[in-house]
2 protein chains.
Amino acid sequence: MTFRYANGVPTSTENATADILKAAADPKVISFGGGLPAPELFPVEKMKAAADKVFDKYGQSVLQYAETLGYPELRKQIVKLMHDRDVETTFDNVGVVGGSQQAIDLVARMLINPGDVVITEDPTYLAAIDVFNSYGAKMVGVEMDEDGIKTDALAKTLKEYPEAKFIYTIPNFQNPTGRTMTVERRKELVKVADEAGVPVVEDDPYGAIRYAGEFLPSLKHFDKDDNVIYLSSFSKVLAPGMRMGWLVASKEFMAKFTIIKQNADLHSDNLTQYIIAQFLEDNDIYAHIKKITDVYEHRANLMLQLIDEKFPKNVHHSTPEGGMFIWVEVPGVHTEDLFKECIKHNVAFVPGSAFYANAGKDGTFRMNFSNMNDEQIKEGIDRMAKALKVVMPK
Amino acid sequence: MTFRYANGVPTSTENATADILKAAADPKVISFGGGLPAPELFPVEKMKAAADKVFDKYGQSVLQYAETLGYPELRKQIVKLMHDRDVETTFDNVGVVGGSQQAIDLVARMLINPGDVVITEDPTYLAAIDVFNSYGAKMVGVEMDEDGIKTDALAKTLKEYPEAKFIYTIPNFQNPTGRTMTVERRKELVKVADEAGVPVVEDDPYGAIRYAGEFLPSLKHFDKDDNVIYLSSFSKVLAPGMRMGWLVASKEFMAKFTIIKQNADLHSDNLTQYIIAQFLEDNDIYAHIKKITDVYEHRANLMLQLIDEKFPKNVHHSTPEGGMFIWVEVPGVHTEDLFKECIKHNVAFVPGSAFYANAGKDGTFRMNFSNMNDEQIKEGIDRMAKALKVVMPK
């Protein structure tokens, strides 16, 4: 029987990005297309020790139904992590979710009616675009430069769309561009959003993975009017297979969030919540993060150096200070042509068009460095350089 | 700042059920109101052993991002469980979710547009009512008797609402009534749904917890036209804190489901999926279920016997053959009056009105026996009998 689906369900299960990723999944292909953390850095033994302790100490309660907003001890640990990120909050303002993807989804569900305007950076995280689309949002992209979203353009957009439901932004090492918003822009963004009465959804999965430059306070730090909903995750600092993220918002928002989270899954996996809380109690997470950032810094620098050496001189790239991605622009080239040529050379990336809600900028693409060893980076960049020679205008 | 919420978000965070459960949470109160499995039966040591093995064998991959539909080995185990339930299916038709609550939520999201009709048993699972409401459904309840939903009434309702989006049913040991649908009704339900072209969402969290009577094939067993979406869960047979459930549906449906599940949380917790798969590989789940059903049978029978002895003679109750709940009807009494009187006597239940989408039947309530020891059952029934004496019409 063929079902009559709701409006938010795509009529086709085909999509260009899925096809591209399928092409890149061939084991012969060196893929800079993924967005995976380096698995060799996962703290397997320490996580196992935390799990053992949890079963021994909390055997029955960890396996029972629990609080919708999350395990209290984990939420207390998150309050500490937020303090380290220069945000003072309380236990009651924190909710635990199944990865920050669930936070994006539930916040969107709480705010978007079909037809509502959502303002995003252009380009932005592709799975956020999918979520906002599925709730029937009309997306309006705001231009970025190397300093992040252009706040003057944002102010203009807010005047044009005063009824916009929220602004979605990734201030640190943005996916896909790797760019970081400057402090001035952060202050300005919070200010113009406050003035417009439009909430800000600050997505910060990568902020703790900084290997260069200085720590910058989050938008939530500058939020004096409970207008920022802050999202983050353990995926990049611990392990993404343990689907654990969190959000921080006003108590009023959290009261409504509790109802929607209860509808969605009653609560997040209790066992994993206990294990992460135990891990955080027993280990220095910043020592662990240092191991990650040392490796990522090395890989990013190697990739950037080789791009500078081997790609044509007119290629632009971002120079991230953390995170997992580099954004590349090749003037005068169609990304699609380059992608096809790269696949012939057994190397892949994600074309820029995947990250634009509306028309994208041609010649752009995203490259991942976190999950690539030196040999893969060297060989992959060589292959891309050869493919670029074929498609570059003479 | 006050946000402008989407239509699906309740304007008030107060609700009668929450208030009732709060009253019942006082430690002096013996609460038959919960819906928790008995924690002393959780297989803590075996689960710990499974977790250890998973960390040792699959260290890095268990902590990495994974497939949206779930860990393949777990899905294969679920195919076997389905076979034991007389449903032949394949790996590709199975999706793993964060408890069957998430299955209810995502299936509803995939099928309901605001204003759509959803047909449910009357009464039905309260958190399903909340979900369907949150997507803007108009709920139409169909009367039940001791044999489950009345299929002649269902056929009439389907004629009245030919555009209904789906029928939601809990055939085994229904929540809240504890009733089980007869085989004849099961066949008839699948037939009238097929004829009407309306899908069936079969929610079966309790089916494996049968301690009396004979195994009955599920609706999915009789489904020849891929018209039944079957949902189940590890919450009642293993542990609800490990939020793991599954759904079985046509490949066409699963292709769309994959997109929506990806939006919702990318995939369910990978660590917990691996641990449950390992537990199922290393242990006889039916031996474990036997331990659960022995205890639940004892508790249910004790509670029923005491109700028969101590409650007034005109009280009706269901006689479940499994699951966790008994449904009680007290003619001539307002449930609210009884609830207040019971709280004075330090004993609680869930008033029937919570389980009706529209007007409920007065004098009804749900009692849980799975999480109550003998002393609590004896003392609690004594207190309820005293409260009943106060409120029963003379």
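Reminder, nothing fancy here: chain letters follow the sequence lines and each chain counts from 1.
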Q. Given that the side chain runs from C-beta out, which part of B:A51 has a heavy atom under 4.5 Å from chain A: side chain, backbone, both or neither?
A. side chain

**Q.** Closest-packed option against chain B by number of heavy-atom pairs under 4.5 Å, given A:E163, A:M244, A:Q273
**A.** A:E163

Q.
Quick check on B:V198 against chain A: is it the side chain, the backbone, both or neither that has a heavy atom closer than 4.5 Å?
A. both

Q. Picking from A:N270, A:D105, A:D116, which has the most non-hydrogen pairs under 4.5 angstrom with chain B?
A. A:D105

Q: Find out whether A:L271 and B:D269 are in side-chain contact, i.e. whether some heavy atom of one side chain is under 4.5 Å from a heavy atom of the other.
A: no

**Q.** Most chain B-contacting option - heavy-atom pairs closer than 4.5 Å, from A:D52, A:D226, A:I112, A:V62
**A.** A:D52

Q | A:I259 vs B:V9 side-chain heavy atoms within contact, under 4.5 Å | A | no

Q) In Å, rounded to the nearest 0.5 Å, how long is the span from OH of A:Y5 to CZ of B:R109? A) 14.5 Å

Q) Counting only heavy atoms not in A:K57, do more than 12 sit closer than 6.0 Å to its NZ atom? A) yes

Q) When heavy-atom pairs shorter than 4.5 Å are enumerated against chain B, which of A:A127, A:A66, A:P10, A:A103 gives the highest number? A) A:P10

Q | Side chain, backbone, both or neither of B:F253 within contact of chain A (heavy atoms, under 4.5 Å) | A | both

Q. When only pairs under 4.5 Å are counted, which of A:G241, A:G197, A:A255 shares the most heavy-atom pairs with chain B?
A. A:G241

Q: Heavy-atom distances under 4.5 Å only: say whether B:I129 touches chain A with side chain, backbone, both or neither.
A: neither

Q | Atom group of B:L238 that falls short of 4.5 Å from chain A, counting heavy atoms | A | neither

Q) So, do A:T272 and B:R243 sit near enough that their side-chain heavy atoms are less than 4.5 Å apart? A) no

Q: Just grab all the salt bridge (charged side-chain N to carboxylate O under 4.0 Å, His left out) pairs involving residues 65-74 of chain A, residues at least two apart or on different chains.
A: A:E67-A:R75, A:E73-A:K76

Q. Chain B: which of A:I275, A:I104, A:D56 shares the most heavy-atom pairs with it under 4.5 Å?
A. A:D56

Q.
Between B:N7 and A:N113, do the side chains contain a donor N or O and an acceptor N or O under 3.5 Å apart?
A. yes

Q) Can you tell which of B:A264, B:G99, B:G98 has the highest number of heavy-atom pairs within less than 4.5 Å of chain A? A) B:A264

Q | A:P240 backbone acceptor or donor facing B:Q64 side chain under 3.5 Å | A | no

**Q.** chain A contacts, top residue of B:S134, B:P39, B:A239 (heavy-atom pairs, under 4.5 Å)
**A.** B:P39

**Q.** Heavy-atom pair with the smallest gap, counting every atom of B:D265 and A:Q101
**A.** CA-CG, 3.8 Å

**Q.** Rounded distance (nearest 0.5 Å) linking atom CD of A:Q60 with atom CG of B:L41
**A.** 8.5 Å

Q: Would you name the heavy atoms of A:R4 and B:A164 that are closest together and state the gap between them?
A: NH2-O, 2.9 Å

Q.
Heavy-atom cut-off 4.5 Å, strictly under: side chain, backbone, both or neither for B:S100 against chain A?
A. neither

Q) Is the number of heavy atoms from other residues, nucleotides or ligands under 6.0 Å of A:K48 NZ greater than 12? A) yes

Q: Considering only heavy atoms and a distance below 4.5 Å, find which of B:P37, B:S250, B:G8 pairs most often with chain A.
A: B:P37

Q) Do B:Q262 and A:V131 come close enough that some side-chain heavy atom pair is under 4.5 Å? A) no

**Q.** Under 4.5 Å from a heavy atom of chain A, the part of B:I260 involved
**A.** side chain

Q: Identify the heavy atoms of A:S235 and B:Y65 that sit nearest to each other, and give their distance.
A: CB-OH, 3.7 Å

(Q) Is A:M47 in contact with chain B via its backbone, its side chain, both, or neither, using a 4.5 Å heavy-atom distance? (A) both

Q: Could you tell me the separation between the CZ atom of A:F3 and the NZ atom of B:K256, rounded to the nearest 0.5 Å?
A: 12.0 Å

